[in-house]
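In what follows, chains are A, B, ... by sequence order, proteins preceding strands, each numbered from 1. FYI, side chains are in, hydrogens and waters are out, and symmetry mates aren't considered; it's all heavy atoms of this structure.
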2 protein chains.
Amino acid sequence: MLSVTLRQLEYAVAVARNGGVTAAAQALNISQPALSVALSQLEAQLGKPLFLRRPRGPAVPTAFGRDFLEAAETQLASMARLMAGDAAPAAPVRLAVFEDLAPVILGPLLAALPADLPVTPGVLGFEAMTDGLGRGQIDLALTWDLGLPLSVTREEVARVKPHAVMGPRHRLALRAGVSLAELADVPLILADQGLSVGHMRALFARRGLAPRIAHRTATLELMRSFAANGLGVGLSYTAPVPGQSYDGAALVTRPVLDAGAGEPLVLAVARDNALSPAGERLARLIAARRGFLPKG
Amino acid sequence: MLSVTLRQLEYAVAVARNGGVTAAAQALNISQPALSVALSQLEAQLGKPLFLRRPRGPAVPTAFGRDFLEAAETQLASMARLMAGDAAPAAPVRLAVFEDLAPVILGPLLAALPADLPVTPGVLGFEAMTDGLGRGQIDLALTWDLGLPLSVTREEVARVKPHAVMGPRHRLALRAGVSLAELADVPLILADQGLSVGHMRALFARRGLAPRIAHRTATLELMRSFAANGLGVGLSYTAPVPGQSYDGAALVTRPVLDAGAGEPLVLAVARDNALSPAGERLARLIAARRGFLPKG
DNA sequence: TGTTCGAGATAGATAAATGCTATCAGTTAC
DNA sequence: GTAACTGATAGCATTTATCTATCTCGAACA
């Protein structure tokens, strides 16, 4: 248990700086006795005098005092830095990414981070994510805004459109984009991964459309394989990049153009959590969307 | 002006360590409200919460809190070190050596110092030395104890015998040592450098002897030259090493054997000065007399 | 050699802080 | 729903810091 106070150190340094107790007291806007007593207490705790009190001349630090005062000044400076908020040791920011988004987002995101911004990424399910946010195990979460509790604040970082996935010879593949109305006319393939089937269905229902769900697949990759093989048109928020499915068949993706069909991608923070400087920096970087997020 | 207190930091660190306000209060032997209030004040000053207060579970630091607490702990540790007396920045020890002693002592002394003991040597006259000690401009002084004021403490480091200096064919040169009584019978050569002529005369007077001072020289080297050329026997505390004088004539030195003729060489410190750790170390080294002092 | 002057130390009073007891409020666990 | 526990709040007591007034002690000056 330390018995010294920062005030005592400040006073002692002021005495050295001002060359005397009286002058220092004036500079500090306190009375001379207050400073005299404080200095005496500090010296008593140290067991050695810090200054040679010589009438007339300036108060000269003792040999011990010179070392001590220099160190004290350094201490005070770093203490001031600490209180100013820029604590030197930057613990890694713990960033959670919703598991369905992670394969698309996390790689480019981590690759784009500056070297001096340590991040511990985690890929979590929705429940684990909200739980971790509440428990303070996660600093930032990047996810769809699906039923996040009120105790977390959200900032929309991007709005991601759903994409239709199909073989290159599908008739809708000729178009630059498709509409929900057009999709309602074709057999759809939905994956149980990612945003729920119910979510997709609601998208159509808001426009009075009734989609025909021909297949429900367990994984997104299976959905892409089905679509590539002409079993219907896949629908997905993630994986908008064309190419081919795992079985080698070619695939194209076409954005759904309907206004309001975009799903907001949010950066979530627990409301009563306070981000570290590094955390704030990461949040700003993500909000600035430096190319690692899927294009809306 | 810092408004944070070390106590607040200690409390905050304790909360983190003990996983909660109540547990930390017990560990610190203070009441829970006292700790709660102190923590709130600290958080108010920071403008951000340090902990997520979640009932039941352990108090988890916020992301900001993690960085802050780690830095605070580091700060507290170095503050404790500061108060323990081992301040890191070791200012050079300012060592003054009496000007007549310096040519004999200072070189070997500095050469024998360890590399991590910074010393700023100064060669001063007696008055400048006592003055500097009093003003705190000098930490340690190595000198004869000739009228040092009461305000300096002295520690005898060595007792240096006077030496007779003569040519190798002088009859006293046959002896291993000489006595003051013998010296009283031969023409003496005294230098105005070093201990005063009055001091030498007093040495004889205490034994009821009246020395015959044939020559007084301005410098020690001139005295050695006179002695080498047979003009008398030199008497000196310093330069006991034989060899030859500047003019090339051979010289021998013979110690004065009389008990009580030794002159104490003292290490002086201003009484109200406090040595730095480095200063203490230098003082111990000098007191241990590691070969850089003239043999008694 | 006394006198004056100024810097720091001391004493007593007052204000501010720190801490304690008692109590309240909000959650979790049963 | 209730018990149990954690942290927050309120009011009071104690300690600590600071103030004004005064004292002491050297040094500078005549």
Please name all residues satisfying side-chain contact (heavy atoms from CB on, under 4.5 Å) with A:T74, sequence neighbours left out, ordered by chain then number.
-> none
Does B:R271 have any salt bridge (charged side-chain N to carboxylate O under 4.0 Å, His left out) partners at least two apart in sequence or in another chain, and if so, which?
-> none
Please tabulate, for the side chains in residues 7-27 of chain B, all donor-acceptor contacts under 3.5 angstrom to protein atoms that are two or more places apart in sequence or on a different chain.
| unit_1 | atom_1 | unit_2 | atom_2 | d |
| --- | --- | --- | --- | --- |
| B:Q8 | OE1 | B:T5 | N | 3.2 |
| B:Q8 | NE2 | B:Q41 | OE1 | 3.4 |
| B:E10 | OE2 | A:L2 | N | 3.0 |
| B:R17 | NE | B:E73 | OE2 | 3.3 |
| B:R17 | NH2 | B:E73 | OE2 | 2.1 |
| B:N18 | ND2 | B:A14 | O | 2.7 |

Per-nt protein contacts along nucleotides 9-18 of chain D (heavy atom under 4.0 Å; B base, S backbone sugar-phosphate only, - none) come out as B-------SS
d(CG, A:L39; P, C:dT10) in whole Å = 12 Å
Quickly work out the B:L50 CG to D:dG7 C1' distance and round it to whole Å.
-> 15 Å
Between its two end axes (five pairs each) the helix from C:dT1-D:dA30 to C:dC30-D:dG1 turns, nearest 10 degrees, through 30°
Salt bridge (charged side-chain N to carboxylate O under 4.0 Å, His left out) partners for B:E280, two or more places apart | none
Rounding to a whole Å, what distance do you find between B:D272:CG and D:dG26:P?
-> 11 Å
Nearest heavy-atom approach of B:L110 to B:P121 is CD1-CG, 3.8 Å
Can you sort out the partners of A:N29 under side-chain contact (heavy atoms from CB on, under 4.5 Å), two or more places apart, ordered by chain and number?
-> none
Given atom CD of A:Q26 and atom P of D:dC19, what is their separation to the nearest angstrom?
-> 13 Å
Between C:dA7 (P) and A:F51 (CZ): distance, integer Å | 16 Å
Sequence neighbours excluded, which residues qualify as side-chain contact (heavy atoms from CB on, under 4.5 Å) partners of B:S78?
-> A:Q75, B:R81
Specify the separation, in whole Å, of atom CD of A:E43 and atom P of C:dG8.
-> 12 Å
Whole Å only: how far is the CG atom of B:L42 from the C1' atom of D:dA8?
-> 17 Å
Just jot down the salt bridge (charged side-chain N to carboxylate O under 4.0 Å, His left out) partners of A:D131, sequence neighbours excluded, or say none.
-> A:R135
